[in-house]
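Structure first, then comments.
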Amino acid sequence: MDREPGDFSRDVPPTSDEGEDAVDRLLAELPPAPGIKHIDEDTEDVDARALADVAAGRYYDHSVVSKWLMTWGETGQKPFREWLAEQNV
C-alpha cells in the first residue's frame with residue numbers, strides 16, 4: 001500500500017492483544033513508582049471536597065499560581081505559601 005510521508009496508519013484492525021485492554025493489563029502489572037504514594041480515594045469524594053473548597057474561597061487565582069510557577073528553577077525558589085506571603089496578595 002502506498003502511503004504519504006508521516007502516515008503511520010495500519011492496514012489491519014488491531015488484534016485482541018492490542019488496544020486499550022492490552023494497555024490496561026500492562027499498566028495493572030507494573031509495580032508502583034518509587035516515592036509516589038497511591039491514594040485510593042473515591043473520585044466523587046475528592047470532587048466534592050474540591051468543590052467545597054472553591055465554594056468556601058479556599059483557592060488561588062490562576063494568575064497568582066502562574067507567577068509562582070515562573071520562579072521554579074530560580075535561585076532562592078520558595079514554597080508557595082512562603083512566596084505568597086512575600087507578595088502581599
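Every heavy atom of this structure was used, including side-chain atoms; hydrogens, water molecules and symmetry mates were not. Please read all numbers here as calculations on a predicted model, not as lab measurements.
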CZ (R58) with more than 12 external heavy atoms under 6.0 Å =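 Counting other residues, nucleotides and ligands, CZ of R58 exceeds 12 neighbours.
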
Determine the minimum heavy-atom distance between Y59 and V54, stating which atoms define it.
->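 Minimum heavy-atom contact is CE2-O, 3.8 Å.
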
Step-by-step side-chain contact (heavy atoms from CB on, under 4.5 Å) determination, Y60 to F80 = CA-CA 11 Å; Y60 295 97; F80 180 71; 3.5 Å; yes

Please name all residues satisfying side-chain contact (heavy atoms from CB on, under 4.5 Å) with K78, sequence neighbours left out, ordered by chain then number.
->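 Partners of K78 under the side-chain contact (heavy atoms from CB on, under 4.5 Å) test: E82, W83, E86.
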
How many angstroms lie between atom CD of E29 and atom CG of D24, to the nearest 0.5 angstrom?
->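 Separation between the atoms: 11.0 Å.
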
Shared ILVMFWY cluster between L69 and L84, side chains joined below 4.5 angstrom?
->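 Yes, L69 connects to L84 through the hydrophobic network.
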
